[in-house]
Amino acid sequence: MADRRARLLRPIVALAALLGLAACTAGVPGTGEVVSVSPVTSAPPSVNPEILQDAGGPFLGQSESEVAVGFMNAMNTGDVAKIQRWVMPQARDQVAGWSTPTTTVRVYSVFEPGTEYVSDEDRRIVPIKLKLVGQLRGGRDWYPASGDDLLSLELEKDGADARVAHPGPVIWMRDVNFSKLYASAELYLVPDLTDPTPQLAPVPVFVPNGVEGDPKAPELRVKRAVELLLAGPQDRYSNLSTAIPDGTQLDDVRYANDAVTLNLNRSFTKEGGGSGQLRIGQLVWTVNRLLPNASIRVLVQGRPLRTVGSDQFPAGRRWNRQNEPLAEMWPQRSVEREGDSILFVRRGEIFSIPPETGQSPRPMELDAPSPKAAPTWSPDHRSMAFLAGGATAQALWVESEGKAFPATGELAGKLSPPSWSPDSKRVYLVLRNDAGARLLEVNRRTMHKRFLTLPPLPSGLQPASIAVSPDGAFVLAVGDRPDRKIEEAEPVPGGQLFLGQFGPDGVIGWSRRQIAPGLGRVFSPVWVDPVTVGFIAETDNKDDLGKLWTVKSDGWDPTAVLNNSDIPIGDIGNHLTVDPGGRSFIITARSSNGASLWLVNRQDKSASYLTLPAPNVFDTDPSFASR
């Protein structure tokens, strides 16, 4: 830990380098790799798994290793008939089961065939070592993974040729092939059916992509996504609801000329099902996630509707998610407005600055004790929550209409940065002390305080911080070992990243595994949008100064936005937030003359300064509850 403390505090880049970057726009190389993995090279010379990508076959006289590689490449196609050619006749029925829509697919990035050997049971085995990426369960839900796995393929003779005797219970597929065969989609469910301003909650899933170039492929994707939507909330999204009545089924879907027609059964028009806007909104947003420009028309038993639901929502027209009032159903943590600003801390005091280069910081005049930390605007931008006090006892303070007042007394232990509810009515934070970790809720208006349910994380980890999602249905939690000593050089909690279901009485449950495995120690997770998470991650390598990542909330597609070795910012620290418009990340950059804040554009990855470093001045805690 001493190395880490030294690394966090040491100067990295001279001020001249920072100002040089400020004079020009620095591009960041393109991203998109899930995890960089060095190809393995210990495979037998006659087998090259990087070249043999379903090259046909099997062929006469192939060795056991060649058959094993052929079988792996055949699985990459997802074509059951091709896979069956590589297995023994008695195993073909087992492979046929992989054609079901709910089959499990285990995904890897690289595989390495080893040298075949004879087991103690006199069976011929070809070991296959794989670098794991994750797996698709139930044909819909993604679960990330990392590390290595070993697949021991048993081969037998089918006449004169070797074939795979026991293909195993699941199909294995390389990540590049998986991305071609499956499409990322989102189902739109409902966090609160009683909300007078209907809101949706996006749920990331996967659907079959269809054959490339097939004009029917878009219909296939839409059909599967709508079927999953009509099945209702399940598993890790069981805390959500749906306004679509039970028993609603999709009879037919047609897509042509950027128009989608969904033909449902009569159950869709059941009375007593609540908001018709929610029913139509769930369907339209789910389809538009796959076909953004399409207009959607809903039929019931082949006939157009006039209205639907208790609110008599006009369902007879064609809808797109950009049409009002459906556009307002997208959950946003805040709306960009004139006068928006980023909050940050300098020498224990809070400053604000517009999220644009060339602006001057303005101190926030607050009658509150110092040092102050973790300032966070409420989503409606009418209040600010922040921490005040020393390292052993802190209090939550709330500022509203220019006046600051303590929302809690001093609490012994360590408080996490505050996180607001999407409606700006409540503040949440984690208190850690000798009694463990507890989740505290504070009502902004009444100052009523209560501790909520906070179940333990998997593997005995303890929540160190949380961030509430824009739809209020989920939380991100950084988990750490309860006995880990918190260093002064690490004021931001770091650890493993988990997704939790959130309800009125606290956290309902956690994802069984972390959602960003293999990327290192995670800091400052933020909701970039309702399905995208941003965070800083550092590995155990003392020379790794950290990376800025984004990932889907289910753990799919971790993408490096910024590696501080790419551009001369230096150590980007472990503080992160998003600007009010959601267009840029705000990070810290340490230099020999101090530390400053930088903007990193989400689209082109360009970086520009927000504040300039000054001698012995450190800008920390950039915070804005925009997402």
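- When every heavy atom of Leu519 is checked against every heavy atom of Ala537, the shortest pair comes out as O-CB, 3.5 Å.
- Closest approach of Phe585 and Gly534 over heavy atoms only: CE2-CA, 4.4 Å.
- Evaluation of the salt bridge (charged side-chain N to carboxylate O under 4.0 Å, His left out) rule for Asp505 yields Arg450 as partners, not counting sequence neighbours.
- When the ring-ring contact (aromatic ring centres under 6.0 Å, His included) test is applied to Phe498, no partner is found at least two apart in sequence or on another chain.
- From Ser184, atom OG reaches atom CZ of Phe206 across 4.5 Å, with rounding to the nearest 0.5 Å.
- Side-chain atoms of Leu343 and Phe386, non-hydrogen and from C-beta on, never get closer than 4.5 Å to each other.
- Annotation: cation-pi pair Arg236/Phe474 absent, no NZ/CZ under 6.0 Å from the ring centroid and within 45° of its normal.
- Rounded to the nearest 0.5 Å, atoms OG1 (Thr620) and NE2 (His575) are 5.0 Å apart.
- Judged by distance alone, the side chain of Ser378 and the main-chain N or O of Ser424 form no donor-acceptor pair under 3.5 Å.
- Under a 3.5 Å cut-off, the side chain of Trp285 and the backbone N or O of Leu326 do form a donor-acceptor pair.
- At least one side-chain heavy atom of Val507 sits less than 4.5 Å from a side-chain heavy atom of Phe502.
- Taking both residues in full, the closest heavy atoms of Asn433 and Ala412 are given as ND2-O, 3.0 Å, listed atom of the first, atom of the second, then distance.
- In terms of heavy-atom proximity, Pro144 sits nearest to Asp554 at CD-O, 3.3 Å.
- Every residue meeting the salt bridge (charged side-chain N to carboxylate O under 4.0 Å, His left out) condition with Arg444, not counting sequence neighbours, appears here in chain and number order: Asp380.
- Arg426 contributes no side-chain N or O that, together with a main-chain N or O of Ser421, makes up a donor-acceptor pair within less than 3.5 Å.
- Using a 4.5 Å heavy-atom threshold, the side chains of Pro202 and Pro331 count as touching.
- Distance check: Ser511 OG to Leu457 CG gives 8.0 Å after rounding to the nearest 0.5 Å.
- With hydrogens and angles disregarded, a donor-acceptor distance shorter than 3.5 Å links the side chain of Gln282 to the backbone of Ala243.
- For the side chain to side chain donor-acceptor pair (under 3.5 Å) with Arg521, the qualifying choice from Asp480, Asn574, Thr539 is Asp480, the only one to do so.
- In this structure, the side chain of Ser469 does not engage the main chain of Pro530 through any donor-acceptor pair within 3.5 Å.
- Within the structure, side chain to side chain donor-acceptor pair (under 3.5 Å) pairs that include any residue of residues 363-373 comprise Glu349-Ser370, Glu349-Lys372, Ser370-Lys372 (at least two apart or interchain).
- A donor-acceptor pair under 3.5 Å links the side-chain atoms of Thr408 to the main chain of Leu396, judged by distance alone.
- In this structure the side chain of Ile515 reaches within 4.5 angstrom of the side chain of Leu476, judged on heavy atoms.
- Going from atom CH2 of Trp397 over to atom CZ of Phe405 covers 9.5 Å, rounded to the nearest 0.5 Å.
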Test side chain to side chain contact (heavy atoms under 4.5 Å, CB included) applied to Leu229 and Leu189, step by step: CA-CA 8 Å; Leu229 173 66; Leu189 297 170; 3.9 Å; yes
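- For Ser623 (side chain) and Pro375 (main-chain N/O), a donor-acceptor pair under 3.5 Å exists by modelled atom type.
- The two residues Pro463 and Ala437 have their closest heavy-atom pair at O-CB, 3.6 Å.
- Under the 3.5 Å distance criterion, the side-chain polar atoms of Ser419 are matched with a main-chain donor or acceptor of Val468.
- Inter-residue side-chain proximity for Tyr428 and Leu439 is flagged as met; some heavy-atom pair is nearer than 4.5 Å.
- For the pair Thr588 and Phe344, the minimum side-chain heavy-atom distance is 4.5 Å or more.
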From CA spacing to verdict: side chain to side chain contact (heavy atoms under 4.5 Å, CB included), Val107, Leu136: CA-CA 8 Å; Val107 183; Leu136 184 70; 5.7 Å; no
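- Here the shortest heavy-atom pairing between Pro204 and Glu186 reads CA-CG, 4.3 Å.
- No more than 12 heavy-atom neighbours from other residues, nucleotides or ligands sit within 6.0 angstrom of NZ on Lys425.
- A distance of 10.0 Å separates CG of Asp423 from CG of Asp192, quoted to the nearest 0.5 Å.
- Inter-residue side-chain proximity for Leu187 and Gln234 is flagged as unmet; no heavy-atom pair is nearer than 4.5 Å.
- Shown here is Arg513, whose CZ atom has no more than 12 heavy atoms of other residues, nucleotides or ligands within 6.0 Å.
- At distances below 3.5 Å, not a single donor-acceptor pair connects side-chain atoms of Trp142 with backbone N or O atoms of Gly134.
- For the atom pair Ile586 CD1 and Asp621 CG, the distance stands at 13.5 Å (nearest 0.5 Å).
- Looking at Tyr609 and Thr357, their side chains come closer than 4.5 Å, going by heavy atoms from C-beta outward.
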Pair Leu429-Ser416, side chain to side chain contact (heavy atoms under 4.5 Å, CB included): steps then yes or no: CA-CA 5 Å; Leu429 60 167; Ser416 70; 3.7 Å; yes
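- A distance-only check finds a donor-acceptor pair linking the side chain of Asn239 to the backbone of Ala473 [under 3.5 Å].
- By the salt bridge (charged side-chain N to carboxylate O under 4.0 Å, His left out) test, Asp619 is found to be paired with Arg346, residues two or more places apart in sequence or in another chain being considered.
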Arg321 vs Trp330, side chain to side chain contact (heavy atoms under 4.5 Å, CB included): CA-CA, chis, key distance, verdict: CA-CA 9 Å; Arg321 64 183 179 181; Trp330 173 254; over 6 Å; no
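- A search for ring-ring contact (aromatic ring centres under 6.0 Å, His included) contacts involving Trp510 returns nothing, not counting sequence neighbours.
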